[in-house]
Each structure stands twice: as structure tokens, then as C-alpha cells.
Amino acid sequence: MNLASSVGLSTKPSLPRLHSLLNSYIESRNRKQALLLFRQLLEYNVKPNDLTFSLLLKACTSSSSSSSSSALNSVNVNREANQIHTHLLKSGVDRFMYVSTALLDLYMKLGCVRNAHRLFDDMPDRDVVSWNALICGFSRNGCDFEALKLFVQMCKEGFFPHQTTLVSLVPSCGRQELVSQGKSIHGFGIKAGLDSDSHVKNSLTSMYAKCADLEAAEHLFEEIVEKSVVSWNTMIGAYGQNGFFDEAMLAFKRMQEESVPANLVTMVSLLSANADPESTHCHATKTGLVNDASVITSLICQYATHGNTESGELLYKSLPQKNLVSLTALMSSYTEKGNLFQVMSCFAHLQRLEMKLDAVAMVCILHGMKDPMDFGLGLAFHAYGLKSGLSADSLVANGLISLYSRFDKIETAFSLLSEIHGKTLISWNSLISGCVQAGRPSDALEVFFQMKMSGHSPDAITISSLLSGCCQLGYLQFGGRLHNYVLRNNLEVEDFVGTALIDMYIKCGRIEHAERVFKSIKEPCLATWNSMISGYSLYGLEHEALACFSEMQKQGIKPDKITFLGVLAACTHGGLVQEGRKHFQIMREQFNVVPDLQHYACMVGLFGRAGLFEEALMFIRNMEMEPDFAVWATLLSACCIHQEVKLGEYVAKKLFFLDSNNGGFFVLMSNLYAVKGMWDEVARVREMMRETGGDGCSGISVIEMTSLEDMNVNLSSSKSSLNANAWQPLLSLY
DNA sequence: TAATTCGAAT
């Protein structure tokens with residue numbers, strides 16, 4: 001096929017004509033046509049000039065950022081950039097600083113930081129614009145330190161920074177560690193008189209927000225006289241990122257009052273600030289912003305957090321151009337609902353469209369496999385990862401580690417971790433939590449030790465996982481060390497870490513420590529309250545548990561199933577029948593919490609222990625679901641306590657038909673016969689227990705390990721084989 | 001300016 005006709009040229013074109021064609025390709029964002037045209041120009045021996053290159057680069061830059069660039073695609077674009085570079089040198093156009101700067105910019109947008117830097121070094125002359133492009137490129141590619149260094153170098157070489165320079169550089173300081181550098185640049189801006197610029201103010205606002213200094217962000221924002229959409233979006237985003245959702249909504253209202261029209265970034269920022277998906281959807285539809293893929297994706301996500309997968313599905317279907325990011329959001333929504341079948345339909349859909357998974361999508365799919373039945377599918381996706389090269393990505397490797405841990409394949413998880421080249425904290429955390437979840441806390445501690453050796457510091461996630469490992473080991477001493485670590489390193493003792501600490505102290509027998517931690521938490525969340533309530537209940541401190549429950553309500557926290565399990569258990573322990581009845585009633589009527597089998601079992605225990613057998617039986621009869629083994633077993637133990645032999649025998653029959661192999665069954669039967677004084681029968685049951693391998697639950701209790709020997713004795717009974725030497729350093733870790 | 005992964009409470 002004639003190349004010329006494909007771009008609409010049949011005769012040797014003039015340069016101005018070519019330029020006007022290139023301009024039209026820039027407008028239609030058609031990179032490919034622009035490149036074809038350029039090739040043709042070379043075939044016709046037309047000599048391109050600086051303007052030609054400038055237009056060509058513009059065509060490449062404008063489309064490469066908007067199109068969904070798959071990995072293969074960007075490899076091609078890289079090659080094209082190199083070829084343009086060669087022609088540029090050949091035709092001597094590199095003399096023109098603005099053309100070289102445009103190429104530098106393209107390299108940076110493609111992520112070719114090295115090429116860009118080399119090009120910059122080779123440039124015979126530089127100006128502020130080329131410095132800006134260089135600094136901006138480093139900053140956008142995440143090379144924050146380099147960006148800062150270059151800024152200093154630029155100043156040293158006598159170039160005076162422009163507003164744009166600051167706007168390019170400031171985002172690099174948007175992290176806690178670099179906040180002081182950010183402040184210096186802010187100060188520099190003030191001295192240099194660059195700070196009155198609203199773009200500079202916007203970027204500084206965003207920087208302070210990312211460093212969690214909302215006060216500074218608000219202060220800067222209020223200083224902006226003419227607040228643009230960008231300013232408003234920045235402030236809405238600032239509130240959202242720091243969890244101030246109400247303030248984000250208020251800012252949006254103010255923005256509307258000041259008649260600044262929202263754009264798609266506003267919608268996205270609002271949605272990530274937990275805005276109501278329905279009303280945001282409505283607003284976006286009215287203002288015509290709902291046609292944008294990123295708005296749709298954000299809506300899918302926000303609907304998903306509200307459990308509304310159906311709306312997400314409809315939104316995805318409404319997309320004219322399907323894309324991987326939106327599809328990943330939809331898959332994640334299905335994963336959240338535990339609907340792996342739908343996730344797989346999405347995958348099939350993706351293959352029909354001849355799209356390929358990327359690392360994020362892969363992680364999302366792996367995350368959806370939780371049931372032991374899914375393991376085969378997990379292996380298949382591991383294979384897909386190996387074939388496609390995706391499993392080399394550390395994100396995917398981390399996902400695989402959690403996948404294998406979920407299926408108790410800790411050894412595989414270990415070897416996967418050892419194969420990761422750039423191990424991140426998440427990689428280590430994945431394995432540590434994997435070990436804990438697989439019931440192998442001692443392995444978790446060993447991994448933790450290796451992690452420390454490799455130079456990583458634990459974060460809140462590491463600590464929470466390890467603390468719950470300590471519960472399993474009863475390892476109070478180590479738990480206490482972790483607590484010290486948290487305090488010394490100023491890790492926030494809220495939500496996760498706080499709850500894990502409370503739980504650890506409770507399970508290790510130190511409720512007074514748990515209380516102290518609890519009191520230090522300013523705003524305990526639901527899980528924290530639940531831990532404390534069930535802790536009190538576990539220790540038989542029913543009044544404290546109930547007091548805690550009412551205090552929690554005063555603080556405006558809505559109780560859930562677990563809260564009521566703790567409350568009802570407390571009533572049972574304390575024999576508070578009336579309180580128990582009341583709470584069981586208000587649970588549904590006042591809090592809309594539907595009782596499940598565990599709640600019913602609690603109530604049966606409450607009545608039974610109080611000797612109210614008629615009420616217990618009536619209660620079972622009125623249950624909305626079939627009573628299970630636990631419900632009847634609770635009643636039988638109450639019968640034993642009160643020597644209610646007749647009812648006991650009736651209940652025992654029920655239990656026998658439900659599950660005659662249950663280890664607990666033998667124990668209960670033996671107790672019943674003992675109550676009746678039927679010692680021969682007791683002996684017979686004991687004999688049966690021995691024959692069937694005991695009750696299956698005998699073990700050792702560990703509250704505190706006093707020496708390495710004790711530890712090894714206790715640990716060798718668990719599945720892991722542990723090297724005593726590996727533990728030695730743990731004892732002197734901090 | 002959109003998607004994902006590691007953490008607590010029965």
C-alpha cells in the first residue's frame with residue numbers, strides 16, 4: 001500500500017503544508033499518523049526544520065499521555081522517541097534549545113529518565129525552561145531527591161527559578177521525610193517573590209496536605225485570592241487524604257456557592273473523600289462529567305465500598321471505551337463481595353477484548369481467591385504470571401505470598417519471598433501475616449527477625465500482625481517489647497495497633513495493661529471497643545463490660561454482632577438474666593443487628609446457667625434457624641451444673657444425632673453420667689475417648705515462656721521446626 | 001485526575 005495515500009499526500013509536499021497537517025494530527029491526538037507523515041517527508045527528501053520537530057514531538061507527547069499505554073505500546077513509543085532523537089541530531093536541529101527541551105519532556109513522560117538526563121547533559125545551551133523540564137521530569141518519575149539536587153545545581157549555575165520551577169519541584173516534597181525541604185522551598189519562594197502566584201500556592205497547599213499538615217494547607221488555600229477549580233480541587237483532595245470527609249464536602253459546597261464549576265478532578269476527589277456515590281453520580285450526570293473514564297472508575301469504587309456492585313456493573317457497561325483500570329475496579333468490587341465467579345467472567349471479558357492483565361489487576365484477582373476450593377485457580381494464575389512475566393513484579397510476588405499463605409503453603413511463600421529482588425516492607429509483611437494466619441506465629445517471628453536484618457523497620461501493619469501472633473504463643477514478654485517499640489517510635493496507638501495490643505494483653509492474662517492501653521486511645525473505633533468488652537467478659541468482669549458498652553454508645557459508636565457477643569457473654573458469666581434479655585432485645589430493635597447462632601447459644605447458656613430451663617427450651621423453639629451443636633451443648637452443660645438429668649438425656653440424644661464424632665460430645669456425656677452417678681458409664685465413655693484418640697483438644701497452656709529451653713519444648717509441639725539459635729537475638733532485639 | 005496488595009475485635 002502506498003504510504004502517501006494513507007496520510008493523504010500524493011505529491012512532494014511543501015514544509016508549510018506538512019506543518020499544517022501535523023497541527024491537525026495534534027488536534028486529533030493522532031500520534032501514528034504524525035509519525036507516518038514524518039517518515040514520508042524523509043522519503044521525499046524534504047528537510048525538516050525546528051518547527052517540524054517541535055510539532056512532531058508535540059503530537060507524540062499529547063497522545064502518549066492520554067492513550068492507555070500498555071507495556072508493549074510504550075516500548076514502541078520509546079523506540080520512536082529514540083529515532084526522532086537520531087534524526088534531530090542528524091539534521092542539526094538540536095541547536096534549537098526549545099526542540100531539545102521538547103524531546104527531553106517526551107523522554108520524561110515515557111519514563112526514560114536516563115535518556116532525558118543524557119540529552120540534557122549533551123545540550124550545548126540551557127535555559128530556565130529546559131531546567132524546569134528536567135526537574136519536573138525527575139519529580140514526576142518519583143526521583144524526589146534528584147529533583148531537589150538539580151534545583152540546587154540550577155541555582156548554583158546562576159539560573160533564577162521561575163514559578164513553574166517551584167510548581168515542578170514542590171510535589172517532590174509531598175512526603176513526611178521531606179517536609180523540611182518543602183518548607184525551605186516555600187521560604188525560598190517567599191523571598192524570591194514567587195509565592196503570590198496561585199499555581200505555586202496550589203502546589204504548596206497540596207504538599208502540606210500530603211505531609212499531613214492540614215493547618216498549613218488551609219492557611220495557604222485561604223491566601224489564594226482568585227481560587228480556581230484547581231485550588232478548590234486541591235483543598236477537597238487535601239481534606240479527603242487526611243480523612244476529613246465532612247470538611248471536604250463543606251469545601252465543595254463553598255465552591256458551588258462561589259460559582260466555580262466543578263470538573264472531573266472535583267468528582268474524583270469528592271469520591272475519594274468518601275462522598276455519597278448516588279448524589280455524586282447524580283451531580284456528575286447533570287454536569288456531563290460522567291462520560292469520563294476516571295470519574296466512572298471512581299464511582300465504581302465508591303459504589304463498591306457501599307456494597308453496591310450492581311451500579312458499578314452498569315457504569316462499567318456504560319463505558320464507550322473499555323479499559324483495564326475500570327475493569328480492575330469492577331473486579332475488586334466483586335472480590336469484596338466474595339464473588340469469584342464474576343471476577344472470572346471479568347477476566348474472560350478482558351481476554352475477549354484482547355487486553356492483558358497488569359500487575360494491579362493480577363493482584364486483585366489473586367486477592368479474590370480465599371476458599372480452599374479456589375487453590376487450583378490460584379495455581380493457574382501463578383502460571384499465567386510466570387508465562388506473561390508478571391510474576392517478576394514485586395506487587396504480584398507479594399500477592400502470591402498472601403495467596404499461598406492463605407492456603408497454608410508457607411514453604412512456597414517463603415521461597416517466593418526469597419526470589420523477590422527488591423523486597424519491600426509489604427513483601428515482608430505479607431509473609432509475616434501469612435505465617436500468623438496459617439497458625440505459625442513462631443515462623444512469623446523468625447521472618448520478622450530476618451526482616452530487621454535486611455534493614456527494614458516494622459510499621460503498624462508488621463506490629464499488628466506480630467501482636468496477634470503473640471496471642472497465639474501467649475508470648476507476653478515479646479508482646480511487651482513490641483509495645484515498647486511502638487511507644488519509642490511514635491507509631492500511632494489507634495485502631496489496629498491499639499486493638500492488637502489490647503487483645504494481646506487480654507490473651508496473655510494482663511487485663512490491667514489492656515485497660516491502660518485502652519485509656520490512652522483518644523477515639524477508640526468499633527473493633528477497639530469490642531476487644532475491651534469481650535476482654536472484660538472473658539475475665540468475668542460483667543459490670544465493667546456493660547459499663548464499657550454504654551460508654552461506647554455515648555461516644556456515638558454503633559455496636560455490631562461482635563459487640564453483642566461480648567455483651568451477652570458478659571451477662572452469661574455474671575448470671576445477669578434480666579440484662580441479657582434486655583440486650584438481646586435491643587440488639588435487633590434498636591441497633592438492627594440480626595442475631596446468629598452464637599448469640600442464640602449465649603442466650604441458652606444464660607437461661608440454662610440460671611436454671612431457667614423452660615425459658616431456655618422455649619427460646620430454642622422460637623429460634624429462626626436450626627439450633628446447631630453449640631446451642632444444644634450449652635444447654636447440656638447447664639443441665640450438668642443443675643443436675644437436670646432428664647432434660648440432660650434428652651439433649652444428649654439431640655447431640656448424638658447432630659454429631660456423634662464431635663470430641664466435645666464425649667466430654668459432655670461423661671459429665672452427664674457423672675452427675676447421675678453412673679460411674680460405669682463414665683468409664684465406658686472415657687474408654688471410647690481413648691480409643692478414638694482422646695477428645696482431640698488436649699494441649700498445653702503457655703502464659704509466659706521463661707527460658708529458651710521452655711520455649712523450644714513448647715514450640716517443638718507446634719508444626720514448625722525452630723532453630724534455637726535463631727531465637728537468641730530476638731531476646732535482645734531492642 | 002481513576003484500579004491492587006500487608007493489619008485488630010467472636
Side-chain angles (χ1 to χ4, degrees), chain A residues 65-66 68 229-230 233-234 237 263-272 289 292-302 304 316 319 323-333 335-336 357-368 393-403 405 424-434 436-437 458-469 471 494-504 506-507 524-535 537-538 559-569 596-599 601-602:
Chain A
S65 61
S66 72
S68 61
V229 206
V230 179
N233 290 347
T234 307
N263 66 10
L264 57 97
V265 180
T266 322
M267 293 299 116
V268 170
S269 307
L270 275 175
L271 287 164
S272 58
L289 295 167
D292 179 82
S294 46
V295 174
I296 290 182
T297 308
S298 304
L299 276 169
I300 295 175
C301 293
Q302 190 57 6
Y316 180 79
L319 268 171
N323 70 83
L324 185 59
V325 176
S326 308
L327 186 63
T328 309
L330 184 61
M331 289 199 289
S332 152
S333 170
T335 299
E336 208 55 37
L357 288 182
D358 69 355
V360 176
M362 180 70 142
V363 167
C364 176
I365 289 179
L366 293 175
H367 187 62
D393 191 303
S394 69
L395 289 183
V396 176
N398 297 342
L400 285 167
I401 290 176
S402 349
L403 177 91
S405 316
T424 61
L425 188 56
I426 294 183
S427 318
W428 290 102
N429 283 349
S430 301
L431 188 55
I432 289 172
S433 85
V436 172
Q437 276 162 27
D459 68 352
I461 296 179
T462 326
I463 304 287
S464 319
S465 305
L466 287 170
L467 282 169
S468 75
C471 297
E494 293 285 314
D495 299 0
F496 278 94
V497 173
T499 310
L501 274 170
I502 291 171
D503 192 46
M504 184 273 296
I506 286 172
K507 299 234 171 87
C525 70
L526 177 63
T528 313
W529 286 103
N530 285 352
S531 275
M532 211 52 228
I533 292 171
S534 53
S537 160
L538 204 64
D560 69 349
K561 283 190 179 202
I562 296 166
T563 320
F564 280 104
L565 224 43
V567 170
L568 295 178
D596 60 25
L597 281 166
Q598 285 173 292
H599 298 94
C602 248

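A note on names: the letters A, B, ... follow the listed sequences, proteins ahead of strands, and every chain is numbered from 1.
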**Q** Go through the structure and list residues passing ring-ring contact (aromatic ring centres under 6.0 Å, His included) with A:Tyr316, not counting sequence neighbours.
**A**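 With sequence neighbours excluded, A:Tyr316 shows a ring-ring contact (aromatic ring centres under 6.0 Å, His included) to A:His349, given in chain and number order.
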**Q** So what does A:Ser531 hit on the nucleic acid, given a heavy-atom distance under 4.0 Å: a base, only sugar-phosphate, or nothing?
**A** sugar-phosphate
**Q** In what stems does DNA chain B take part, counting only runs of at least 3 consecutive Watson-Crick or G-U pairs whose two distances fall under 3.5 Å?
**A**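 Stems for DNA chain B, defined as runs of 3 or more consecutive pairs: none.
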**Q** Search all heavy atoms of A:Thr528 against all heavy atoms of A:Asp495 and return the closest pair with its distance.
**A** OG1-O, 4.0 Å
**Q** Assess whether side chain to side chain contact (heavy atoms under 4.5 Å, CB included) is satisfied between A:Asp503 and A:Leu467, documenting all intermediate values.
**A** CA-CA 8 Å; A:Asp503 192 46; A:Leu467 282 169; over 6 Å; no
**Q** Would you indicate whether the side-chain heavy atoms of A:Ser294 and A:Leu264 approach each other to under 4.5 Å?
**A**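 The answer is yes; the side chains approach within 4.5 Å.
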**Q** So do A:Cys364 and A:Val360 actually touch side chain to side chain, heavy atoms under 4.5 Å?
**A** no
**Q** Under 4.0 Å, counting only non-hydrogen atoms across every strand here, what does A:Asp358 touch: a base, just sugar-phosphate, or nothing?
**A**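 Since a base atom lies under 4.0 Å of A:Asp358, the category is base.
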**Q** Using a heavy-atom cut-off of 4.0 Å across all strands, would you classify A:Glu336 as base, sugar-phosphate, or nothing?
**A** nothing
**Q** First and last nucleotide of DNA chain B touching chain A, 5' to 3', heavy-atom cut-off 4.0 Å?
**A**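 Extent of the interface on DNA chain B: B:dT1 to B:dT10.
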**Q** Does A:Ser402 reach the side chain of A:Asn398, with side-chain heavy atoms less than 4.5 Å apart?
**A** no
**Q** Is there a side-chain contact between A:Leu565 and A:Ser534 (heavy atoms, below 4.5 Å)?
**A**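 Side chain of A:Leu565 against side chain of A:Ser534, heavy atoms only: no contact under 4.5 Å found.
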**Q** By the 4.0 Å heavy-atom rule, please label A:Cys525 as base, sugar-phosphate, or nothing.
**A**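 Since a base atom lies under 4.0 Å of A:Cys525, the category is base.
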**Q** Does A:Asn233 reach a base, just sugar-phosphate, or nothing at all? Heavy atoms under 4.0 Å.
**A** nothing
**Q** Mind checking whether A:Asp560 and A:Asn530 have side chains closer than 4.5 Å, heavy atoms only?
**A** yes
